[in-house]
Amino acid sequence: MKCLIQRVKNASCTIDNKLYSSIDKGILALVGIEKGDTREQVEWVAQKVVNLRIFEDENGKMNKSLKDVNGEMLIVSQFTLCGNCKKGTRPSFDKSEKPELANELYEEFVTIVKGLDIQVGTGKFGAMMEISLINDGPVTFMVEK
């Protein structure tokens, strides 16, 4: 499982030219589910992202988590994170999980994060989405399990 996170001042998801969801200060999480990923991995990544200390404290040090700052999370499925670009000029998506199982695990990720008392916005699995954000920092991390 791969989860690319960005600390944001705000972020939004638009589908078919209509605002689908948006968040204020928090994390934009792009979630890629790979073949063989498990619910345990999803739980670990969700806990890690919510508790990762990537927000600044009063001294300007990254010492606060999403929970500490009462931040929100926009969670978007992103199968292209599983793409392999090592050979040739066209990415291979052989490592991406089948859509049915990937959607199940994506929804599980959303459910876990909501269960951790985080305000959540989402994208729509499989949809063509436009994601807008103001990156805060920029601060970007890849969380993998």
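Computed from a prediction, not measured in an experiment: that's the story for all the values here.
The two residues Phe55 and Gly26 have their closest heavy-atom pair at CZ-O, 3.6 Å. Here the closest heavy-atom approach between residue Glu34 and residue Cys82 is recorded as CG-SG, 3.3 Å. Between Val76 and Tyr106 the shortest heavy-atom distance is C-CE1, 3.9 Å. Across all their heavy atoms, Leu105 and Thr38 have their closest contact at CD2-C, 4.2 Å.
Taking Ile, Leu, Val, Met, Phe, Trp and Tyr as members and joining any whose side-chain heavy atoms lie under 4.5 Å apart, directly or through other members, Ile134 forms no hydrophobic cluster with any other residue.
In the displayed structure, Asn59 atom CG is contacted under 6.0 Å by more than 12 heavy atoms of other residues, nucleotides or ligands. The local environment of NZ in Lys67 is crowded, with over 12 non-hydrogen atoms from other residues, nucleotides or ligands closer than 6.0 Å.
With rounding to the nearest 0.5 Å, the separation of OH in Tyr20 from NZ in Lys124 is 6.0 Å. From Ile112, atom CD1 reaches atom CD1 of Ile118 across 13.0 Å, with rounding to the nearest 0.5 Å. Taking OG of Ser77 as the start and CZ of Phe109 as the end, the distance is 11.5 Å to the nearest 0.5 Å. One finds the CD atom of Gln41 at 12.5 Å from the SG atom of Cys3 (value rounded to the nearest 0.5 Å). One finds the CG atom of Leu28 at 9.5 Å from the OG atom of Ser12 (value rounded to the nearest 0.5 Å). With rounding to the nearest 0.5 Å, the separation of CG in Asn135 from CG in Asn10 is 11.0 Å.
Partners of Asp136 under the salt bridge (charged side-chain N to carboxylate O under 4.0 Å, His left out) rule, at least two apart in sequence or in another chain, are Arg7. For Phe141, there are no ring pair (Phe, Tyr, Trp, His ring centres under 6.0 Å) partners two or more places apart in sequence or in a different chain. Applying the ring pair (Phe, Tyr, Trp, His ring centres under 6.0 Å) rule to Phe79 yields the partners Phe93; only residues at least two apart in sequence or on another chain are considered.
In terms of hydrophobic clustering, with Ile, Leu, Val, Met, Phe, Trp and Tyr side chains grouped at heavy-atom distances under 4.5 Å, Leu74 and Leu19 are assigned to different clusters. Val143 and Leu4 are not part of a single hydrophobic cluster, where members link through side-chain heavy atoms under 4.5 Å apart. Note: the hydrophobic cluster containing Val8 also contains Leu81 (ILVMFWY, side chain heavy atoms under 4.5 Å, direct or indirect links).
A donor-acceptor pair is defined here as one N or O able to donate and one able to accept, closer than 3.5 Å; no such pair exists between the side chain of Thr122 and the backbone of Ile75. Remark: side-chain polar atoms of Glu144 are not paired, donor with acceptor, to backbone N or O of Lys2 under 3.5 angstrom. In this structure a side-chain-to-backbone donor-acceptor pair under 3.5 Å is missing from Thr14 to Asn17. Side chain of Asp16 to backbone of Lys18: no donor-acceptor contact under 3.5 angstrom is found. Using modelled atom types, no side-chain atom of Thr80 and backbone atom of Gly83 make a donor-acceptor pair closer than 3.5 Å.
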Verdict with supporting geometry, Ile27 and Gln6, side-chain contact (heavy atoms from CB on, under 4.5 Å): CA-CA 6 Å; Ile27 291 174; Gln6 297 179 303; over 6 Å; no
With side-chain contact (heavy atoms from CB on, under 4.5 Å) as the test, would you mind laying out the steps for Val42 and Asp37 before giving the verdict? CA-CA 8 Å; Val42 171; Asp37 285 348; 5.6 Å; no
side-chain contact (heavy atoms from CB on, under 4.5 Å) between Gln119 and Ile23: does it pass, once the steps are laid out? CA-CA 8 Å; Gln119 183 69 35; Ile23 64 164; over 6 Å; no
Before you tell me yes or no, could you show the steps for Leu101 and Ile33 under side-chain contact (heavy atoms from CB on, under 4.5 Å), namely the whole-Å CA-CA distance, both residues' side-chain angles and the distance that decides it to 0.1 Å? CA-CA 9 Å; Leu101 184 53; Ile33 305 294; 5.9 Å; no
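Between Arg39 and Glu104 a salt bridge is recorded (basic side-chain N to carboxylate O distance below 4.0 Å).
Contact of the Val139 side chain with the Met62 side chain is registered, since non-hydrogen atoms from C-beta on lie closer than 4.5 Å. Between Leu66 and Met73, some side-chain heavy-atom pair lies under the 4.5 Å cut-off. When side chains are defined from C-beta on, Val110 counts as touching Val120, because their heavy atoms get closer than 4.5 Å.
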Which atom pairs, one a donor and one an acceptor, fall under 3.5 Å between side chains of residues 45-54 and the rest of the protein, sequence neighbours left out?
| unit_1 | atom_1 | unit_2 | atom_2 | d |
| --- | --- | --- | --- | --- |
| Gln47 | OE1 | Asn51 | ND2 | 3.4 |
| Gln47 | NE2 | Glu43 | OE2 | 3.1 |
| Asn51 | ND2 | Gln47 | O | 2.9 |
| Arg53 | NH1 | Asn63 | OD1 | 2.9 |

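Counting only residues at least two apart or on different chains, no salt bridge (Lys or Arg N to Asp or Glu O under 4.0 Å) pair has a member in residues 106-123.
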